[in-house]
Amino acid sequence: MTSILYNDAKFTVLTSILILIFSIYFLPKYKNNVCTSFSDYYGDRDSNSNCYYNPDAKLNVSEIIRRNGYTEEEHKVITKDGYILTLFRIPNRRGSIKTPGPPVFLQHGAVVNCASFINRGSKSLGFILADEGYDVWLGNFRGTIYSKRHTQLKPTDRRFWHFDTYELGVYDTSANVDYIYNITAQKIIYIGHSLGSTTGYIYGVTSPDVAKEKLKIIISLAPTLYVKNWKSITRHIFSLWSFATPLIAALTNEEIYLRGKPGNPLRETLCTGYPFQMYYCQFFEMVTFGFDYEQNDPETLPITLLQNADAVSHRTLTHCTQLVLKGTLEYFDHGAETNLKVYGSTHPPHYNLSQLKVPTYLIRAPNDLIITKEDVEYVHKNLPNETNPYDIYTVKYESFNHEDFLTARDIVPLLYNHLLEFINKL
Ligand SMILES: *[C@@H]1O[C@H](CO)[C@@H](O)[C@H](O)[C@H]1NC(C)=O
Ligand SMILES: *[C@@H]1O[C@H](CO)[C@@H](O)[C@H](O)[C@H]1NC(C)=O
Ligand SMILES: *[C@@H]1O[C@H](CO)[C@@H](O)[C@H](O)[C@H]1NC(C)=O
Ligand SMILES: *[C@@H]1O[C@H](CO)[C@@H](O)[C@H](O)[C@H]1NC(C)=O
């Protein structure tokens, strides 16, 4: 066993080094970093009129919002347990300063931050909503670069990273929702992607009355609640997770970057430049989320590959593996002995969907290997009838996957147009 592992590790290290050398050697020395088609990436990009330099690749969220012509505000929100979160706000249409419209709160998922909602120019959900007249608020979970502060703890302290989905839903989400509601005095449209939808429900079932008062609806893009039927082959490594845990604890301060840090130069070298690099860098994600190379967007892929990356806590990942292996929606499992101390029972309690008082709208992707049709139907069936006025909406494109909600080339006709039409009627 050890020797197999050792050989595997050796092989992985060797191939990575080879790929790295190869990539550096072939690294294009052009200034233009994006092109309108994949074939334009080959040849002299700087003299090709289909290619141009998109500075968003290297900018932070406030700079991207302003560069794209929108007003930007930055708000600091302190959670009950002391984390200092950044909420970005786009209050107006591009180039306008009218009174803000109805508030929409966008919550990103795991491994990314709110840049994922604004880094695709006119195909970005954040900008599309702003242009439609909504008052757009962008949340950032604790631990991501914009929310990596605490009133007492430093992020180098491993106690900073002692949180999971519960804290993201109960503390971060409620702090953000309270803050937005306080400023706007209007019911908020909550839109969450992936883990960002999970936390909306965790908030909704743990504070049902406040959530009902402050939220108009929870719209979930890939509702990640029950993941019992997780089809991705990554489920096979989850049963090994408990063996990796001590190693992760020893090697890190419980802060994990599955895709590297945002703008990571190594990822830039390995994964952008030529289309073949962009493709191999997505292989593992496609295995996890569903294959859909067809919806790769030549004009924004070099940007999203760099920017859609950020930290998660070890414990959040552990909780996610527990949910997949158990097929339930329950609190973090500390093991029988600690559970008894923390929860008063040897098993962790379940999140009870019957408690939810906020209406919901579930949107799923046909080729999402982690959030399957069965699991979304299970959620839909278990929501109380009065919060469940709509049928599940399935994106009408067979290979649309978990990631496509953010990055698909044709995202506007495939999903955002429908989403706008839906929320305009609310
Ligand atoms: C973004 O970058 C600018 C320029 O470096 C800096 O002044 C600003 O504080 C940054 N904003 C955030 C939210 O990191
Ligand atoms: C709401 O706003 C008021 C006045 O600006 C402030 O005093 C109060 O602390 C705010 N509450 C929350 C929960 O942010
Ligand atoms: C879930 O909530 C409903 C409605 O309040 C309640 O009737 C039910 O007993 C709860 N289920 C569990 C397992 O706590
Ligand atoms: C919800 O509606 C379904 C179908 O209309 C019905 O079968 C079910 O009994 C209802 N559930 C509750 C709790 O009212």
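Counting convention: from 1, in listed order, for ligands and their atoms alike.
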- Message: I need the minimum non-hydrogen distance between Met278 and Pro302, along with the two atoms involved.
- Response: CE-CG, 3.8 Å
- Item | Per atom 12 (C) of ligand 3, closest listed option by heavy atom (Val205, Leu353, Leu356, Asn352) | Asn352
- His350 near ligand 3 by a heavy-atom separation under 4.0 Å: no
- Examine Tyr146 against ligand 1 and note whether any of their N/O atoms are separated by less than 3.5 Å. no
- Task: Do me a favour and list the nearest non-hydrogen protein atom to atom 5 (O) of ligand 1 with residue, atom name and distance?
- Result: Glu63 OE2, 3.9 Å
- Which atoms of ligand 1 are found less than 4.0 Å from any heavy atom of Phe88? 13 (C)
- Does the protein put any heavy atom within less than 4.0 Å of atom 9 (O) of ligand 3? no
- Query: Are any of the N/O atoms in Glu74 less than 3.5 Å from those in ligand 1?
  - Reply: no
- If the plane angle is over 60° it's perpendicular, under 30° parallel, otherwise tilted; pick one for Phe400 and Phe405. perpendicular
- Aromatic ring pairing Tyr279/Tyr293, orientation class (parallel under 30°, perpendicular over 60°, tilted between): parallel
- Message: Atom CZ of residue position Phe284 - does it have more than 12 heavy atoms of other residues, nucleotides or ligands inside 6.0 Å?
- Response: no
- Query: What class does the angle between the rings of Tyr351 and Tyr331 fall in, given that below 30° is parallel, 30 to 60° is tilted and above 60° is perpendicular?
  - Reply: parallel
- Item | Ligand-residue contact atoms, ligand 1 with Ser62, heavy atoms, under 4.0 Å | 1 (C), 11 (N), 12 (C), 13 (C)
- Message: Could you identify the single nearest non-hydrogen protein atom to atom 1 (C) of ligand 1 and state the distance to 0.1 Å?
- Response: Asn60 ND2, 1.4 Å
- How many angstroms lie between CG in Asn92 and NZ in Lys98, if you round to the nearest 0.5 Å? 8.5 Å
- Task: Report the C-alpha separation of Tyr190 and Tyr203 in whole Å, then their side-chain angles, then the decisive distance to 0.1 Å, and conclude whether the ring-ring contact (aromatic ring centres under 6.0 Å, His included) test is met.
- Result: CA-CA 11 Å; Tyr190 181 109; Tyr203 167 63; 7.7 Å; no
- For atom 14 (O) of ligand 1, is some protein heavy-atom partner under 4.0 Å away? yes
